Amino acid sequence: MPELVFFSGTMDCGKSTLALQIEHNRSARGLQGMIFTRDDRAGTGKLSSRLGLVAEAVEVAEELDFQRHLVRHLTSGGRTDYVIVDEAQFLSPEQVEQLARVVDDLGIDVYAFGIATDFRTRLFPGSQRLMELADRMETLQVEALCWCGARATHNARTVGGRMVVEGAQVVVGDVGEPSGEVGYEVLCRRHHRRRLTAASAGAGALSPDVLPVDEPAGAKVPPGRGLSDPLRRAGSH
């Protein structure tokens, strides 16, 4: 039976990587999918992971009707065996209901990926509706870590390295933004409650971004430089 599955976790826990792995596994077996995303780090109409993998996707606009889009695609001779939706927390509750109808009425599996709560520890409306309607929920097992080394469970918004708890629910930023810019950091509950980020605690990041960028083979990374992500993370959290 087709399912609506919601994969959730904090930022930096590998949601986009898993979405791309599911796409790879199914396409390798001859299945054809349709990928949707919003505000990806790689730009409009892209689904990317911090490991450097990228796939083409349909950019989700606020007015997009998933069911209508897929019906139009199928009736024009297209084929869709499954649907992948990344950054699903940004969906409206109505769009989540459309995804449920895609499963029930069109018989298509839908895999949605997103974070559950915002920087204020409040559920995103899209994530809440997914929790209410999903046939199955999966919590990603790749744990992101707080700067203290504990399991990160909360997403924090930072400005100049300092945690803020007021503002719009969605503001463009990235994990590890330079000081002075809006950024995001994953924290354990204790340090989120105390508003204690790595910068305010005087702690260095446990791990820089995963892959170096444009470093020739055998080149050494100068001390303190770290590894940079070539693509800004947009949309959050």
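Positions are given from 1 along the sequence. As the structure is a prediction and not an experimental result, all values here were calculated from the model.
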Examine the side chains of Glu132 and Gln128 and answer whether a donor and an acceptor come within less than 3.5 Å of each other. yes

Would you say the side-chain atoms of Gln89 and Glu87 include a donor-acceptor pair closer than 3.5 Å? yes

Less than 4.0 angstrom from a charged side-chain N to a carboxylate O is my criterion; do Glu59 and Arg38 meet it? no

Which word best sums up how the rings of Phe7 and Phe113 line up, parallel for under 30°, tilted for 30 to 60°, or perpendicular for over 60°? parallel

Taking every heavy atom of His154 against every heavy atom of Cys188, the minimum-distance pair comes out as ND1-C, 4.5 Å

Verify the neighbour count for atom CZ of Arg79: are there more than 12 heavy atoms of other residues, nucleotides or ligands below 6.0 Å? yes

Within-4.5 Å side-chain heavy-atom neighbours: Leu74 and Ile108: yes

Hey, does the side chain of Ser49 reach the backbone of Ser16 with a donor-acceptor pair shorter than 3.5 angstrom? no

Going by side chain to side chain donor-acceptor pair (under 3.5 Å), Tyr111 matches just one of Glu3, Arg136, Arg26, Glu23. Which one? Arg26

Could you check whether any side-chain N or O of Ser127 sits under 3.5 Å from a backbone N or O of Leu123, counting only pairs where one atom can act as donor and the other as acceptor? no

Donor-acceptor check, side chain of Asp135 to backbone of Leu4, threshold 3.5 angstrom: yes or no? yes

Would you say His192's side chain and Phe119's backbone share a donor-acceptor pair under 3.5 angstrom? yes

